[in-house]
Asker: 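Structure below; questions to follow.
Counting starts at 1 for both ligands and their atoms, following the listed order. Just the heavy atoms: all of them, side chains too, but no hydrogens, waters or symmetry mates, feed the values below.
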Amino acid sequence: MTFEWGDLFAGRISGMAASEIRELLKLIDRPEIISFAGGIPDPDLFPSAAMARAYEKIFQSNAGAGGALQYTISEGYTPLREWILGYMEGKGVRLGLDEVLVTSGSQQALDFIGKLLIGPGDLVAVTKPTYLGALQAFSPYEPRYVSIAMDDEGPVLADLEAALAARPKFLYLVPDFQNPNGVTVSADRREAIVALCAAAGVAIVEDAAYAELRYDGEALPSLAAIDAARNGGRPATVIHCGSFSKTVVPALRVGWVSAPRDVVNRLVLMKQAADLHTSTINQMVLHDVVSQIFEPHVKRLRVAYKERRDAMLAALDAHMPKGVTWTRPQGGMFVWIELAPGRCGVALLERAIKEANVAFVPGAAFFADRSGANTLRLSFSATKPDRIREGVRRIAGLLETVEA
Ligand SMILES: Cc1ncc(COP(=O)(O)O)c(C=O)c1O
């Protein structure tokens with residue numbers, strides 16, 4: 001009998017396809033490459049000193065160090081959950097402690113939500129494009145996807161209504177400066193989405209990973225806040241995922257999920273099964289850092305990233321050939337480019353790396369229905385303005401030769 005691991009893999013593994021662009025992106029880890037591929041925060045902006053002080057404080061306190069290095073409860077470090085409660089209340093959502101679970105990044109919350117809500121063949125509504133990591137988290141639970149078109153105010157309502165008629169379990173949405181296309185759902189559209197989903201008995205999973213990184217305009221109410229306002233201040237039909245990865249640091253791996261108690265109770269059971277709890281010391285450090293510096297630190301990030309967003313938009317305006325369009329995000333980390341129909345983002349990436357030492361992510365991976373071959377995601381967050389200008393000029397140069 002021959003032994004084949006592949007014969008032993010569970011059927012759901014077929015839903016976990018390796019990304020075809022990963023091999024290409026392995027080539028970009030060279031200093032001469034200007035990379036817009038990452039979608040990561042700039043390490044020069046990490047609050048390293050505040051974090052060092054927080055670790056030191058913990059280790060200097062005998063009682064604290066013991067507790068910090070010990071197992072803790074699955075729900076999360078209580079002072080951190082209390083901080084999250086205060087933060088959410090400031091945004092119009094009144095939660096009890098048992099309505100918040102700390103997760104190992106918001107990515108873990110997406111996995112748990114998939115595990116909680118998706119059975120094989122269940123329908124999940126997503127936008128096109130949507131966050132690739134959400135598709136990766138949900139797909140092992142073997143959903144079918146219904147994809148909703150977007151315009152510059154968010155999901156197109158006629159498409160949403162058609163999707164809701166097919167009775168998906170939930171709609172997954174990134175309302176602020178969406179990864180990958182930078183689109184922000186307008187205030188009216190938010191109200192309509194919450195009302196339509198509630199009327200159809202469809203839950204909403206709101207991913208607010210970028211919500212704090214707004215560079216222009218007024219902050220808009222979260223879907224969780226709209227849901228709460230319709231229900232006496234309490235969460236009802238929206239599961240809200242938050243993250244400290246973009247506002248503090250990703251490496252601590254701390255995020256959270258808030259939802260009605262019945263939902264959180266189940267998610268806590270999943271947390272126990274997955275990893276018992278998120279690192280105790282990381283939660284304590286994060287709590288110390290956000291208690292000391294959250295607001296001023298986020299303000300500093302906004303100033304730095306706004307300058308980069310502006311540099312990228314100005315460079316696109318100056319250099320891009322006719323037939324290419326792009327979004328003008330009010331925040332976040334991404335600009336989304338649409339090439340003329342028939343152009344291929346993957347082919348352009350191959351040339352960009354080999355001929356121009358510049359990289360980005362081709363957009364097709366962000367579509368559950370595999371459309372979007374002529375799209376690109378450019379991240380401006382981890383690149384300084386001069387390099388942004390030069391990188392955009394190089395991409396435009398390549399396009400001049402193929403688009404003409
Ligand atoms: C939209 C969105 N959601 C969730 C995540 C996961 O973030 P984390 O697990 O670091 O909180 C990311 C990371 O890039 C993201 O872009």
Side-chain angles (χ1 to χ4, degrees), residues 19 22 25 35-43 45-46 76 80 84 87 100-114 124 126-139 150 154-155 170-185 204-214 222-224 238-258 267 270-271 274-275 278-279 282-283 285-286 289-290 298 301 305 327 329-336 360-361 363 365-368 377-382:
S19 155
R22 187 164 304 158
L25 292 178
S35 177
F36 300 129
I40 53 175
D42 184 345
L45 297 168
F46 288 157
L80 177 61
I84 293 166
Y87 172 85
V100 179
L101 165 68
V102 174
T103 51
S104 297
S106 55
Q107 188 67 28
Q108 186 177 51
L110 297 177
D111 174 44
F112 291 170
I113 291 164
V124 172
V126 294
T127 51
K128 56 177 181 182
T130 188
Y131 169 49
L132 171 60
L135 296 176
Q136 288 174 323
F138 300 151
S139 290
M150 298 185 83
F170 63 88
L171 165 69
Y172 167 78
L173 192 56
V174 185
D176 305 285
F177 333 116
Q178 176 175 252
N179 178 4
N181 61 357
V183 168
T184 296
V185 181
I204 297 176
V205 175
E206 172 176 51
D207 183 337
Y210 298 90
E212 287 293 331
L213 299 181
R214 173 175 278 281
S222 65
L223 304 179
V238 174
I239 300 177
H240 178 93
C241 303
S243 173
F244 292 106
S245 293
K246 319 297 176 183
T247 49
V248 185
V249 290
L252 289 179
R253 306 308 302 133
V254 183
W256 77 91
V257 54
S258 71
L267 295 174
M270 285 168 191
K271 182 72 182 164
D275 59 358
T278 293
S279 155
N282 287 0
Q283 293 188 69
V285 164
L286 190 90
V289 170
V290 291
V298 171
L301 295 180
Y305 291 148
T327 53
Q330 297 176 326
M333 297 184 170
F334 307 102
V335 172
W336 182 249
F360 47 81
V361 180
F366 301 96
F367 290 77
R377 188 193 75 175
L378 269 56
S379 172
F380 51 81
S381 51

Asker: For F334, is there any backbone N or O sitting under 3.5 Å from a side-chain donor or acceptor partner on R377?
Answerer: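 No.
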
Asker: To which protein heavy atom is atom 12 (C) of ligand 1 closest, and what is the distance rounded to 0.1 Å?
Answerer: Y131 OH, 3.2 Å

Asker: Report yes if Y172 has an N/O atom closer than 3.5 Å to an N/O atom of ligand 1; otherwise report no.
Answerer: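 Between Y172 and ligand 1, no N or O pair is found under 3.5 Å apart.
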
Asker: Looking at every non-hydrogen atom in both residues, tell me the closest pair between L110 and Y131 and how far apart they are.
Answerer: CD1-CE2, 3.8 Å

Asker: Please check this pair: side chain of S279 against backbone of N282, looking for a donor-acceptor N/O pair closer than 3.5 Å.
Answerer: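 Judged by distance alone, yes, a pair lies under 3.5 Å.
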
Asker: From atom 11 (O) of ligand 1, work out which of G332, G38, A251, S243 has a heavy atom at the shortest distance.
Answerer: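 That would be S243.
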
Asker: Measure the distance from atom 3 (N) of ligand 1 to every protein heavy atom, then report the residue, atom name and distance (to 0.1 Å) of the closest one.
Answerer: D207 OD2, 2.6 Å

Asker: Does some non-hydrogen atom of Q178 fall short of 4.0 Å from ligand 1?
Answerer: no

Asker: If the contact criterion is a heavy-atom separation under 4.0 Å, does Q108 count as touching ligand 1?
Answerer: no

Asker: Nearest to atom 7 (O) of ligand 1, what protein heavy atom do you find, and at what distance?
Answerer: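 Of every protein heavy atom, S106 OG, 3.3 Å lies nearest to atom 7 (O) of ligand 1.
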
Asker: G255 near ligand 1, heavy-atom distance under 4.0 Å?
Answerer: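 Distance cut 4.0 Å: G255 fails for ligand 1.
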
Asker: What protein heavy atom lies closest to atom 10 (O) of ligand 1? Include the residue and the distance to one decimal.
Answerer: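 Scanning the protein heavy atoms, the shortest distance from atom 10 (O) of ligand 1 goes to S245 OG, 2.5 Å.
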
Asker: Once you restrict to heavy atoms under 4.0 Å, what part of P250 touches ligand 1? Side chain, backbone, both or neither.
Answerer: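 Neither part.
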
Asker: Under a 3.5 Å distance rule, please check whether T278 uses its side chain to pair with a backbone N or O of S104 as donor and acceptor.
Answerer: yes

Asker: Suppose I only count heavy atoms of A209 and a 4.0 Å limit; which atoms of ligand 1 are within that range?
Answerer: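 Counting atoms of ligand 1 from 1, those under 4.0 Å from A209 are 2 (C), 3 (N).
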
Asker: Is T327 reaching over with its side chain to a backbone N or O of P329, donor-acceptor style, under 3.5 angstrom?
Answerer: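 Looks like no, no N/O pair under 3.5 Å.
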
Asker: Is there a donor-acceptor contact under 3.5 Å from the side chain of Q107 to the main chain of G133?
Answerer: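 Such a contact is found between Q107 side chain and G133 backbone.
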
Asker: When only distance counts, is S104 in polar contact with ligand 1, meaning an N/O pair under 3.5 Å?
Answerer: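 No; every N/O pair is 3.5 Å or more apart.
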
Asker: Could you tell me how the ring of F138 sits relative to the ring of Y172: parallel (under 30°), tilted (30 to 60°) or perpendicular (over 60°)?
Answerer: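 Perpendicular.
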
Asker: Between S381 and I40, is there a donor-acceptor pair closer than 3.5 Å when you use the side chain of the first and the backbone of the second?
Answerer: yes

Asker: Quick one: sort the F244 and W256 rings into parallel, tilted or perpendicular, breaks at 30° and 60°.
Answerer: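 Tilted: the ring planes of F244 and W256 meet at 30° to 60°.
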
Asker: Determine, considering heavy atoms only, which of K246, Q107, M333 sits nearest to atom 13 (C) of ligand 1.
Answerer: K246

Asker: Counting each atom of ligand 1 from 1 as listed, which ones have a heavy atom of R253 under 4.0 Å away?
Answerer: 8 (P), 9 (O), 10 (O)

Asker: Would a line drawn from the ring center of F360 to the ring center of W336 be shorter than 6.0 Å?
Answerer: no

Asker: Going by heavy atoms, is Y210 under 4.0 Å from ligand 1?
Answerer: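 The answer is yes, since Y210 has a heavy atom less than 4.0 Å from ligand 1.
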
